[in-house]
Amino acid sequence: MTVTNNPMFGCTSPSDFWGRRWNRLVHGVLKRGVFKPVRAYFPTFVALAVTFLASGLLHEYVLYVITLKNDDETSFSPMHGSHVAFFAWNGIIMLLECAMCHTKPIQWMKTNLPAPIVTLL
C-alpha cells in the first residue's frame, strides 16, 4: 500500500487531501476505529470532529513518548498541544468544506479553474 498519493499537488480539496492522499494507512485506521463507530450514533459532522480530535491526541501521545526526558538537560522539549490545535483547525476546515461544497460559486471554481488554483483556495 502506498502511504501517500501526491498529497501537495494532486489534491483538489481538504477532504481529498485527508481522505485519499495523505497517510492513507492512518486514514483507514481512524475511519474504521473512530469515524464509523461514532457516525453510527451521531451526525457526520460530530464523527468528523471526533476523528480529527482523536488524530490530534494520537499525535500528541506519540510526540510525548518519543520526547520523554531523561536526566540529560539537552533533551528536546516540544510545545505540547500544537498537534491537537492543528488537527482541530483542519477539522474546522473540513466542516466548512462540507457545508459549502454544494454552493454554486464553489462548484463553478471546481469546474472552471485549474487544479493548482483550486488546491490553493
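Keep in mind it's a predicted model, so treat the numbers as computed, not measured. Computed from heavy atoms alone, side chains included, the values below leave out hydrogens, waters and symmetry copies.
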### Same cluster (ILVMFWY, side-chain, under 4.5 Å), Leu96 and Met94
no

### Heavy-atom closest contact (Gly91 atom, Leu48 atom, distance)
O-CD2, 4.2 Å

### Message
Using the rule that Ile, Leu, Val, Met, Phe, Trp and Tyr join whenever any side-chain heavy atoms are under 4.5 Å apart, tell me whether Leu57 and Val62 fall into a single cluster.
### Response
no

### Query
Do Val29 and Val65 belong together in a cluster built from hydrophobic side chains that touch within less than 4.5 Å?
no

### Task
Rounded to the nearest 0.5 Å, what's the gap from NE2 on His27 to CG on Leu25? Could you check?
10.5 Å

### Query
Between the main-chain N or O of Ser82 and the side-chain N or O of Glu60, is there a donor-acceptor pair closer than 3.5 Å?
yes

### Message
Applying a strict under-4.5 Å side-chain criterion to I, L, V, M, F, W and Y, I'd like to know whether Phe42 and Phe45 cluster together.
### Response
yes

### Task
Consider only side-chain heavy atoms of I, L, V, M, F, W and Y, link residues closer than 4.5 Å, and tell whether Val38 and Leu95 are in one cluster.
yes

#### Entry: Step-by-step side chain to side chain contact (heavy atoms under 4.5 Å, CB included) determination, Thr44 to Phe35
CA-CA 8 Å; Thr44 302; Phe35 183 80; 3.9 Å; yes

### Summary
The reported gap from OG1 in Thr51 to CZ in Arg39 (rounded to nearest 0.5 angstrom) is 11.5 Å

### Query
Are Asn90 and Phe52 close enough that some pair of their side-chain heavy atoms sits under 4.5 Å apart?
yes

### Task
Side-chain contact test, heavy atoms from C-beta onward, threshold under 4.5 Å: evaluate it for Leu58 versus Ser55 and give yes or no.
no

### Query
Counting only heavy atoms not in Tyr61, do more than 12 fall under 6.0 Å of its OH?
no

